[in-house]
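Structure, as structure tokens:
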Amino acid sequence: MAERQIRVRFAPSPTGYLHVGGARTALFNWLLARRRGGVFVLRIEDTDRERSSEVMTRAILDGMEWLGLSWDEGPFHQADGVERHRRDALRLLEAGHAYRCFCTPAELESKRARAAGAQEAYRYDRNCLLRVSPEEAERRAAAGQPFALRCHVPEGVSAWEDVVHGRIEFANAEIEDFIVLRSDGTPVYNLAVVSDDLDMRITHVLRGDDHISNTPKQILLYRALGQEPPVFGHVPMILGPDGKRLSKRHGATAIGEYREQGLLPWALVNFLALLGWSPGTDEEIFDVPELIARFSLEGINKKSAIFDSQKLIWLNGQHLTRASAERLEPLVTERLVAAGIANADALRTRRAWVHGLIDLLKVRARNLDDIVRQARPYLAEAIDYEQEAVQKHWKHPAQVRQRLAALRQRYAGLERWDEQTLEAELRAVADELGTAAGKLIHPLRVSLTGMAVSPGIFEVLVTMGRELALRRLDAALAALERREREAPSSPDTVVPGAPPAA
RNA sequence: GCCCCCAUCGUCUAGUGGCCCAGGACAUCUGGUUCUCAGCCAGAAAACCGGGGUUCGAUUCCCCGUGGGGGUACCA
């Protein structure tokens, strides 16, 4: 029972970075291959030498690798197949499915302009098929007159059963005799694609909606070459928030930008998979292996989708919360080092502690930079106090300093340094001071982290460790003293319990 | 202009003739919980583009509009 192994491909043209639309197409192909035990081929369509570049090719490969979309064959370069493309074009000519066209681009352009002026649809008038005999064409070619090769489109309809749209058909009368080989001997896209897909024995072509109108032409070419076309599936496009085609002005569209922003590759994969595909249930958070297990062609939507970056950010936060510290460690470490907050060796020597820190911070982070930002107080010696935090919780420097000094003294004398002890002690101090625990907790948070938000204060204390915590407290006390001097008139004279001045 | 594709809350979507006066998620807004934030819990507001058919019955099927998108190259 030789059920043919599925072979799919992703064929980006290196004229730009890997963008979300391309990445999603690549993902669907990859998912299908992985799901069905097939082969995923990567082919760079660099036939357009003018606009293609090595740099972009590299960027696309990097993006694929980062997303984890590994290819089984390739990367192949379409430009390497030019000889074969040409041979296929010649086969078409010999078989009578193509003919030589001696019309010059300038002539064609003027005909097109005339048609446009008359509000008419322009289609090639078959001048060289109808008014140039095969013999004459032969002669002119031999004489060296340049010619392009055009596919002779037969009458009838070209249709196919699209795996996402169902049956789609085009009347061949709508399709002009398109050029397959330029007068300089280079192949045109549609021919090159068909030739390559045939050569690579591609069984399923999953690509963007924008290729629908190329499909009938390609089917014509398959047939003209005596081959059966593959299965086609046209996935909907991804649009910007305004419903227009996604472009730079919509913000980040290149995959690399999301990497820089500290997104998790598997979160982006999850998000992209859900854009245009649905598992048919209410579940939304999937790891890559689950995606492979669940993916199916039937779940692909017909409607184009708008890229909602807010949901992407939320999803990333979900994956961050669920990911193990083990898995996050290399990603976080890299950024911590890049930010100059810690050095790699130091982090390596206390991995268990680092893991604890990551587990502590990942819950309230939505991207890796959130973790890095929050991690600073635990790793660096000095911290900055955020303006807002200071204004809110260090409003009355003298009073705060007095309270924190009391706390510091008690903490310094502690035998144990665990959450229970630390909390009990703080509450005791608050009691003795005749104030609410919060009046101690918030200023303490500012003292330790410089921020108004952090994990539970006692967890912070424990993770930070006694020495560093006490040093921070000392630094805070000094800072508070400076503040008192700078603002001597600030209301330290406030009666305890009185509402703070606005 | 012509051809093609598409059409459920602001957004992503479930729904395949009755279970739907339409379910989930993001975002928004309430309230609760904790030392802050995140979270979590409870709740609110929010959609079947319009018109014709078909049918006992249409979000679901058909047609026509409308709207959006794509294509219309010796680009890919």
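Because only heavy atoms are used, hydrogens play no part in the values below, and waters and symmetry mates are left out as well, while side chains stay in. Worth saying up front: this structure is predicted, and the values here are computed from it rather than measured. Each chain gets a letter, A, B and so on, in the order the sequences are listed, and its residues count up from 1.
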Quickly work out the [X] [atom1] to [N] [atom2] distance and round it to whole Å.
X        : N      : atom1 : atom2 : answer
A:Glu388 : B:rC37 : CD    : P     : 13 Å
A:Leu426 : B:rU36 : CG    : P     : 13 Å
A:Leu422 : B:rC35 : CG    : C1'   : 13 Å
A:Lys302 : B:rG70 : NZ    : C1'   : 17 Å
A:Asn367 : B:rA38 : CG    : C1'   : 13 Å
A:Glu425 : B:rC35 : CD    : P     : 18 Å
A:Leu320 : B:rG39 : CG    : P     : 13 Å
A:Leu221 : B:rA76 : CG    : P     : 14 Å

Reading nucleotides 8-30 of chain B 5' to 3', which nucleotides get B (base under 4.0 Å from a protein heavy atom), which S (sugar-phosphate only), which -?
S--BBSS--------BBBSS---
If a pair satisfies salt bridge (charged side-chain N to carboxylate O under 4.0 Å, His left out) and one of its residues is in residues 266-286 of chain A, list it, with sequence neighbours excluded.
A:Glu283-A:Arg294, A:Glu284-A:Lys311
Whether [X] contacts [N] is assessed here as follows: a side-chain N or O lying under 4.0 Å from the phosphate OP1 or OP2. Is that the case?
X        : N      : result
A:Arg364 : B:rU36 : no
A:Arg207 : B:rG70 : no
A:Arg112 : B:rG1  : no
A:His165 : B:rC6  : yes
A:Lys244 : B:rG69 : yes

Nearest of [options] to any side-chain atom of [X]?
X        : options                : result
A:Met237 : B:rA76, B:rG69, B:rC5  : B:rG69
A:Arg245 : B:rU36, B:rC35, B:rG70 : B:rG70
A:Asp209 : B:rC35, B:rA38, B:rC5  : B:rC5
A:Val453 : B:rC74, B:rU36, B:rC2  : B:rU36

Can A:Arg114 and A:Glu109 be said to form a salt bridge (Lys or Arg N to Asp or Glu O under 4.0 Å), step by step?
CA-CA 9 Å; A:Arg114 208 173 315 141; A:Glu109 188 44 52; over 6 Å; no
What contact category does [X] fall into here, base, sugar-phosphate, or nothing, at under 4.0 angstrom with non-hydrogen atoms?
X        : answer
A:Phe170 : sugar-phosphate
A:Pro216 : nothing
A:Cys101 : nothing
A:Leu108 : base
A:Gly243 : sugar-phosphate
A:Phe178 : nothing

Upstream residue (5' side of RNA chain B) when A:Ala452 and A:Tyr189 are each assigned their closest nucleotide
A:Ala452
Between A:Lys217 and A:Arg427, which residue's closest nucleotide on RNA chain B lies nearer the 5′ terminus?
A:Arg427
May I ask you to check whether over 12 heavy atoms, not counting those of A:Tyr17, lie within 6.0 Å of atom OH?
no
Neighbour count >12 (heavy atoms, 6.0 Å) for atom CG, A:Asp199:
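Yes.
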Nearest-Å distance once atom [atom1] is located in both [N] and [M]:
N      : M      : atom1 : answer
B:rU59 : B:rC20 : P     : 14 Å
B:rG69 : B:rG32 : P     : 45 Å
B:rG39 : B:rG1  : P     : 49 Å
B:rC63 : B:rC4  : P     : 13 Å
B:rU66 : B:rG51 : C1'   : 10 Å
B:rA38 : B:rU28 : P     : 10 Å
B:rC12 : B:rA27 : C1'   : 11 Å
B:rG53 : B:rG17 : C1'   : 16 Å

Considering Watson-Crick and G-U wobble pairs with both distances under 3.5 Å, what does [N] pair with?
N      : value
B:rG1  : B:rU72
B:rA7  : B:rU66
B:rG43 : B:rC29

Does the gap between the ring centers of A:Tyr385 and A:Trp394 come in under 6.0 Å?
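Ring centroids of A:Tyr385 and A:Trp394 are less than 6.0 Å from each other.
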ring-ring contact (aromatic ring centres under 6.0 Å, His included) partner of A:Phe271, chosen from A:Trp314, A:Trp266, A:Phe307, A:Phe286:
A:Phe307
May I ask you to verify whether the side chain of A:Ser183 and the base of B:rC74 hold a donor-acceptor pair under 3.5 Å?
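Such a pair exists between side chain and base.
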When you measure from the centre of the six-membered ring of A:Tyr411, is the NZ or CZ of A:Arg466 closer than 6.0 Å and no more than 45° off the axis?
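That pair does not qualify as a cation-pi contact.
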Validate the cation-pi geometry between A:Arg150 and A:Tyr99: distance from NZ or CZ to the six-membered ring centre under 6.0 Å, angle to the ring axis within 45°.
no
Among A:Arg126, A:Lys217, A:Arg123, find the residue that satisfies the salt bridge (charged side-chain N to carboxylate O under 4.0 Å, His left out) test when tested with A:Asp177.
A:Arg126
In terms of side-chain geometry, is the basic nitrogen of A:Arg376 or A:Asp369 positioned less than 4.0 Å from the acidic oxygen of its partner?
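Judged by the 4.0 Å cut-off on N to carboxylate O distance, A:Arg376 and A:Asp369 do not form a salt bridge.
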